[in-house]
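Just below is one structure, and these are the notes that go with it.
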Number of protein chains: 2
Amino acid sequence: MTATGPTGDELVEVLAALANPLRLRIVATLAGGRDYVSHLARVIGVSRPLLHMHLQRLEAAGLVVGSLELSEDGKAMKYFEIADFDFTLTPSALAEAVLTLTTPDPQRGPAREERS
Amino acid sequence: MTATGPTGDELVEVLAALANPLRLRIVATLAGGRDYVSHLARVIGVSRPLLHMHLQRLEAAGLVVGSLELSEDGKAMKYFEIADFDFTLTPSALAEAVLTLTTPDPQRGPAREERS
DNA sequence: TACACGTGTAAGAGAATTCTTACACGTGAA
DNA sequence: TTCACGTGTAAGAATTCTCTTACACGTGTA
């Protein structure tokens with residue numbers, strides 16, 4: 001019954017990756033099918049280096065997957081596709097994820113006073 | 001059947017609010033019951049002004065609700081509690097939210113070239 | 001009066017994000 | 001050779017986020 005969700009750190013990375021309008025557009029666009037970087041940049045309307053950066057972020061969070069392929073005319077094309085994720089954001093789900101946060105808990109420090 | 005989700009802008013705000021270890025801890029702590037600012041600051045182990053700022057962000061995103069109350073001995077206490085939210089993060093859900101993004105779509109600009 | 005406790009906010013430093021511009025490399029076709 | 005297309009990355013500016021410190025106000029009690 002214990003549906004193990006994502007780690008606290010993983011969750012923070014995923015949330016940070018999605019908390020951006022442009023990256024949200026990228027995900028939405030890729031949800032309609034895979035595409036390679038240069039073309040995707042033209043479709044969305046941003047510069048290629050910028051898209052490259054955002055794709056790195058999304059890939060690092062495990063939300064998209066990229067694969068370098070060779071086109072028929074010998075060009076190196078990097079295709080990206082969505083990773084079919086599914087996260088649920090509820091108070092209890094977050095409370096469970098927090099248990100595995102490695103971020104320095106402000107608590108547990110050099111014993112501070114705490115009454116009541 | 002059309003379960004209207006959050007607006008694109010609302011979603012970005014919610015994700016940005018949750019994409020932070022400390023704010024995640026705040027939500028997790030409040031999931032265990034309501035509390036007032038000063039006490040919550042001691043429990044979590046951060047300064048009150050810092051907690052105040054994070055609570056503002058969480059409240060602006062609609063994830064927590066605050067109410068100023070008067071204690072028996074006449075002190076003004078600001079209590080916060082979670083807002084019982086429930087967001088689902090899937091490619092299709094995000095694609096739907098993106099439709100209502102007000103963020104300047106890089107596209108739709110002064111007609112740029114775009115061939116297939 | 002002075003202290004302990006609650007509230008709120010403003011100024012500033014330091015760090016992280018976001019974005020542009022410019023450069024590097026590769027291939028196939030004119 | 002030169003151009004068009006693909007790849008990657010580095011440097012810098014502008015902005016935003018995070019956090020500390022310090023100040024303001026209020027009440028009840030020693």
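Chain letters run A, B, ... following the sequence lines, proteins first and then strands; every chain starts at 1. Since the model is a prediction, treat every value here as computed from it, not as a measurement.
Pairing of D:dA30, defined by two Watson-Crick or G-U wobble distances under 3.5 Å, is identified with C:dT1. For D:dT18, the paired base is C:dA13 (Watson-Crick or G-U wobble, both distances below 3.5 Å).
Taking side-chain N and O atoms only, B:Asn20 has no distance below 4.0 Å to OP1 or OP2 of D:dC17. OP1 or OP2 of C:dT20 has at least one side-chain nitrogen or oxygen of A:Ser47 nearer than 4.0 Å.
Shortest non-hydrogen contact noted between A:Ala16 and A:Arg57 is CB-NH2, 3.8 Å.
As rounded to whole Å, 10 Å separates atom P of C:dG6 from atom OH of B:Tyr79. Between the CG atom of A:Leu22 and the C1' atom of C:dT17 there is a distance of 13 Å, given to the nearest Å. Rounded to whole angstrom, the span from the NZ atom of A:Lys75 across to the P atom of D:dG8 amounts to 15 Å. Atom pair B:Gln56:CD and D:dC19:C1' shows a separation of 14 Å (rounding to whole Å applied). Taking atom NZ of B:Lys78 as the reference point, atom P of D:dG26 lies 18 Å away to the nearest angstrom. One can place CG of A:Leu68 at 13 Å from P of C:dT27, the figure rounded to the nearest angstrom. C:dT9 atom P lies 15 Å from atom CG of B:Leu50, rounded to whole Å. Spacing between atom CE of B:Met77 and atom P of C:dG8 amounts to 11 Å, rounded to whole angstrom units.
Under a 3.5 Å cut-off, the side chain of B:Arg34 and the backbone N or O of B:Tyr79 do not form any donor-acceptor pair. Side chain of A:Thr100 to main chain of A:Thr7: no donor-acceptor pair is present (N/O by atom type, distance under 3.5 Å, no hydrogens or angles).
Across D:dG6, C:dG6, D:dT9, the shortest atom-to-atom separation from the side chain of A:Pro49 is found for D:dT9.
Residue whose closest nucleotide on DNA chain D sits further toward the 5' end, between B:Arg57 and B:Arg48: B:Arg57. When each of A:Gly74 and A:Ala19 is assigned the nucleotide of DNA chain C with its nearest heavy atom, A:Ala19 is the one assigned upstream, toward the 5' end.
Residue contacts for A:His54: at a heavy-atom cut-off of 4.0 Å it reaches the sugar-phosphate backbone alone, with no base atom in range.
The shortest distance between side-chain heavy atoms of A:Met77 and A:Leu70 does not fall below 4.5 Å.
The closest side-chain donor-acceptor pair between B:Ser71 and B:Asp73 falls under 3.5 angstrom.
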